[in-house]
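For reference, the structure is listed below as structure tokens.
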Amino acid sequence: SELLKELNIPASKRIFIYGGNLGKPQGIDFLLKVIEENKKRDDSYFVIVGSGTEYMRVKLWFDTHLPQNACLLAALPKAKYDELVRSSAASDVYKRQRLLSYLECSMPVLMATDVNTDIGRIAEEGGFGLWTENGNIDTFMEMIEFMVEDDKRMKEMGERGYRFLCENYTVDKSYKAI
């Protein structure tokens, strides 16, 4: 993708994207720990796109640690963000708000949330994502390994996610649920 070149994102690696609010409830410390731990890998790359109350802290961390396996983008126009999502392999979800756009792009999801939300269980039962409790770095790194290993499995998970979206989150379904 030309966009990947423009943003200096290596197309040769499995790209994971986190997009959205960079605030305390999103588990920013865990996100940074994942990027730090991911330094040991040469086959994956994290793209963080967002803004919020913790953006400057995340930027300072990036400026201090200079990770070679990740980049931080303040914001992108929606069309470019959507193109970036389509160029990525999988997405990190710390809150439900971005899930639907990832499913729309047939992307499998990696989730690290608190135990009080059911979205991780829904993704695992639907076969379109993997979940662990926010803070469980060992399991999250195993999930990354699982996602990097097999293109076919990634494609199948993404297709299941799109079907799940169509079967459960259309306007008609939402209207009837309300």
Side-chain angles (χ1 to χ4, degrees), residues 1-105 107-114 117 119-120 123 129-149 154 158:
S1 162
E2 288 299 315
L3 181 60
L4 295 181
K5 286 180 189 173
E6 178 185 326
L7 298 174
N8 292 323
I9 297 171
S12 61
K13 296 184 179 191
R14 180 83 70 194
I15 299 169
F16 294 88
I17 186 169
Y18 170 88
N21 185 31
L22 296 173
K24 288 191 187 295
Q26 281 65 47
I28 299 303
D29 289 333
F30 183 64
L31 177 62
L32 297 176
K33 190 173 184 179
V34 166
I35 294 169
E36 181 70 30
E37 192 70 22
N38 198 56
K39 284 170 122 175
K40 300 171 186 171
R41 304 186 61 90
D42 62 359
D43 54 1
S44 56
Y45 191 87
F46 282 79
V47 180
I48 314 304
V49 183
S51 61
T53 59
E54 297 296 293
Y55 176 82
M56 287 309 296
R57 186 168 75 89
V58 174
K59 182 173 179 357
L60 179 62
W61 186 92
F62 267 78
D63 291 346
T64 302
H65 291 84
L66 303 171
Q68 300 299 304
N69 63 329
C71 69
L72 173 65
L73 305 171
L76 288 173
K78 182 172 177 8
K80 280 196 175 195
Y81 180 79
D82 290 346
E83 182 182 345
L84 179 61
V85 168
R86 286 189 298 276
S87 300
S88 301
S91 55
D92 299 333
V93 177
Y94 294 85
K95 291 287 180 191
R96 186 184 296 254
Q97 71 237 31
R98 289 284 179 178
L99 178 62
L100 300 182
S101 63
Y102 297 143
L103 297 180
E104 186 177 25
C105 291
M107 290 180 67
V109 292
L110 297 176
M111 297 188 187
T113 65
D114 64 48
T117 183
I119 194 63
L130 303 173
W131 174 83
T132 189
E133 184 176 355
N134 192 338
N136 188 338
I137 191 69
D138 293 333
T139 301
F140 199 85
M141 295 309 292
E142 288 171 9
M143 290 166 33
I144 290 171
E145 179 68 28
F146 182 85
M147 292 284 193
V148 168
E149 284 179 351
M154 294 279 295

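Computed from a prediction, not measured in an experiment: that's the story for all the values here. All values below come from the heavy atoms of this structure, side chains included, with hydrogens, waters and symmetry mates left out. Numbers here are sequence positions counted from 1.
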Would the distance check show the side chain of Asp43 and the main-chain N or O of Val148 forming a donor-acceptor pair, the cut-off being under 3.5 Å? no
Donor-acceptor pair, distance only, cut-off 3.5 Å: does the side chain of Arg14 make one with the backbone of Tyr45? no
Roughly how far apart are [X] [atom1] and [Y] [atom2], rounded to 0.5 Å?
X: Asp138; Y: Glu142; atom1: CG; atom2: CD; result: 6.5 Å
X: Ile137; Y: Thr132; atom1: CD1; atom2: OG1; result: 9.5 Å
X: Ile35; Y: Tyr18; atom1: CD1; atom2: OH; result: 11.0 Å
X: Ile144; Y: Leu110; atom1: CD1; atom2: CG; result: 6.5 Å
X: Phe46; Y: Leu72; atom1: CZ; atom2: CG; result: 14.0 Å
X: Asn21; Y: Thr53; atom1: CG; atom2: OG1; result: 6.5 Å

Could you walk me through whether Phe16 and Val47 pass side chain to side chain contact (heavy atoms under 4.5 Å, CB included), step by step? CA-CA 6 Å; Phe16 294 88; Val47 180; over 6 Å; no
Quick one: closest heavy-atom pair of [X] and [Y], and the distance?
X: Asp114; Y: Trp131; value: O-CZ2, 4.2 Å
X: Gly19; Y: Tyr81; value: CA-OH, 3.3 Å
X: Ile9; Y: Cys71; value: CG1-SG, 4.0 Å
X: Phe30; Y: Ala112; value: CE2-CB, 3.5 Å
X: Asn38; Y: Ser44; value: OD1-OG, 2.9 Å
X: Ala11; Y: Leu4; value: CB-CD1, 3.9 Å

Would you say that [X] contacts [Y] through its side chain, given a criterion of any heavy-atom pair below 4.5 Å between the two side chains?
X: Pro108; Y: Met147; value: yes
X: Lys40; Y: Met141; value: no
X: Leu3; Y: Lys80; value: yes

Salt-bridge contact Lys5-Glu2 (side-chain N to carboxylate O under 4.0 Å): yes
Salt bridge (charged side-chain N to carboxylate O under 4.0 Å, His left out) for Arg86 and Glu83? Distances and angles first, verdict last. CA-CA 5 Å; Arg86 286 189 298 276; Glu83 182 182 345; 5.5 Å; no
Can you pull out every salt bridge (charged side-chain N to carboxylate O under 4.0 Å, His left out) where at least one residue sits in residues 61-78? Sequence neighbours excluded, please. Lys59-Asp63, Lys78-Asp82
Lys13 atom NZ: more than 12 heavy-atom contacts under 6.0 Å: yes
Would you please name every residue forming a side chain to side chain contact (heavy atoms under 4.5 Å, CB included) with Ala123, sequence neighbours left out? Val109, Met111, Phe128
List the steps and the verdict of side chain to side chain contact (heavy atoms under 4.5 Å, CB included) for Phe62 and Ile48. CA-CA 11 Å; Phe62 267 78; Ile48 314 304; 4.2 Å; yes
Take Gln68 and Lys39, measure what side chain to side chain contact (heavy atoms under 4.5 Å, CB included) needs, and give me the verdict at the end. CA-CA 7 Å; Gln68 300 299 304; Lys39 284 170 122 175; over 6 Å; no
From CA spacing to verdict: salt bridge (charged side-chain N to carboxylate O under 4.0 Å, His left out), Glu54, Arg57: CA-CA 5 Å; Glu54 297 296 293; Arg57 186 168 75 89; 2.6 Å; yes
Kindly determine whether Tyr102 and Ile17 satisfy side chain to side chain contact (heavy atoms under 4.5 Å, CB included), including the steps that lead there. CA-CA 10 Å; Tyr102 297 143; Ile17 186 169; 4.2 Å; yes
